[in-house]
Amino acid sequence: MRRRYHELLAELCDAIVGGTYAEGTSLPNVTTLHDQFGCSKGVVREAIRALEERGLVEVRKGRGAEVRPRERWDTRSPHVLRACIERGPDPQTLRLAIDARA
């Protein structure tokens, strides 16, 4: 059974990679994301922590989560790689990932 934070993580990855949340901008706060996605604040916090582990955002106390530059993203993460391939503007992503794994 897939946990709700995995679903939210995938949705937020898609939104970041797809440009809904541009590099250098902040994600909406926990309460706004809770309202928008209809999940608990704990799930939102867990998903944001997972985004941070994958290099997509940097969390700063009192400032929230800011989207990091694309070159800092961990494209070895399956969530990030999938989003980059499906939603990203860079068609070279898959080739680079395959080269890196080789």
Side-chain angles (χ1 to χ4, degrees):
M1 178 182 221
R2 191 168 178 181
R3 297 185 60 184
R4 176 64 178 125
Y5 94 91
H6 285 288
E7 295 168 8
L8 181 57
L9 170 61
E11 289 183 50
L12 291 173
C13 275
D14 286 349
I16 291 170
V17 172
T20 301
Y21 304 115
E23 297 173 30
T25 63
S26 294
L27 291 182
N29 64 34
V30 171
T31 302
T32 302
L33 291 172
H34 153 74
D35 292 340
Q36 181 179 351
F37 291 100
C39 54
S40 73
K41 291 181 181 179
V43 167
V44 173
R45 286 187 197 98
E46 200 170 349
I48 291 173
R49 209 173 6 260
L51 290 171
E52 185 175 33
E53 289 172 358
R54 289 156 178 81
L56 293 170
V57 300
E58 181 176 356
V59 178
R60 293 187 180 153
K61 289 201 185 253
R63 300 188 79 175
E66 182 177 301
V67 179
R68 297 177 76 192
R70 184 173 295 275
E71 58 270 5
R72 305 289 305 269
W73 298 351
D74 182 5
T75 54
R76 295 170 299 167
S77 163
H79 288 99
V80 178
L81 182 59
R82 181 202 49 79
C84 287
I85 291 167
E86 292 177 3
R87 316 244 317 130
D90 185 4
Q92 302 287 341
T93 302
L94 182 56
R95 184 186 57 76
L96 293 173
I98 291 170
D99 289 347
R101 289 186 183 257

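Quick note: numbers below take in every heavy atom, side chains included, and nothing from hydrogens, waters or symmetry partners.
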Name each donor-acceptor pair under 3.5 Å that joins a side chain in residues 19-28 to protein atoms two or more places apart or in another chain, with its distance.
{"unit_1": "Glu23", "atom_1": "OE1", "unit_2": "Arg70", "atom_2": "N", "d": "3.3"}
{"unit_1": "Glu23", "atom_1": "OE2", "unit_2": "Arg70", "atom_2": "N", "d": "3.4"}
{"unit_1": "Thr25", "atom_1": "OG1", "unit_2": "Ala22", "atom_2": "N", "d": "3.3"}
{"unit_1": "Thr25", "atom_1": "OG1", "unit_2": "Ala22", "atom_2": "O", "d": "2.5"}

Next item on the list: Could you tell me which non-hydrogen atom of Leu56 sits nearest to which non-hydrogen atom of Val80, and how far apart they are?
Entry: CD1-CG2, 3.8 Å
For residues 32-39, tabulate all N or O donor-acceptor pairs below 3.5 Å that involve a side-chain atom, not counting sequence neighbours.
{"unit_1": "Thr32", "atom_1": "OG1", "unit_2": "Asn29", "atom_2": "OD1", "d": "2.8"}
{"unit_1": "His34", "atom_1": "ND1", "unit_2": "Cys39", "atom_2": "O", "d": "2.5"}

Next item on the list: With sequence neighbours left out, write down each residue that passes salt bridge (charged side-chain N to carboxylate O under 4.0 Å, His left out) with Arg49, or none if nothing qualifies.
Entry: none
Notebook entry, point to check: Would you call Arg4-Glu11 a salt bridge at under 4.0 Å N-O?
Noted result: yes
Next item on the list: Calculate, to the nearest 0.5 Å, the distance between atoms CZ and SG belonging to Arg87 and Cys13 respectively.
Entry: 11.0 Å
Check: Which pair of heavy atoms, one from Ala83 and one from Asp14, lies closest together, and at what distance?
Finding: CB-OD1, 3.5 Å
Margin query: Tell me whether Glu58 is salt-bridged to Arg72, with the criterion being a basic N under 4.0 Å from an acidic carboxylate O.
Written below: no
Next item on the list: Apply side-chain contact (heavy atoms from CB on, under 4.5 Å) to the pair Arg76 and Leu81, showing each step before the final yes or no.
Entry: CA-CA 6 Å; Arg76 295 170 299 167; Leu81 182 59; over 6 Å; no
Check: Step by step, would you call Leu9 with Arg54 a side-chain contact (heavy atoms from CB on, under 4.5 Å)?
Finding: CA-CA 10 Å; Leu9 170 61; Arg54 289 156 178 81; 3.8 Å; yes
Notebook entry, point to check: NZ of Lys61 to CZ of Arg63: how many Å apart, nearest 0.5 Å?
Noted result: 14.5 Å
Checklist line | Closest approach of Val44 to Leu8 (non-hydrogen atoms, all atoms of both residues) | finding: CA-CD2, 3.7 Å
Next item on the list: To the nearest 0.5 angstrom, please state how far the CG atom of Leu12 sits from the OH atom of Tyr5.
Entry: 13.0 Å
Check: If you take all heavy atoms of Cys84 and Trp73, which pair is closest and at what distance?
Finding: SG-CE3, 4.2 Å
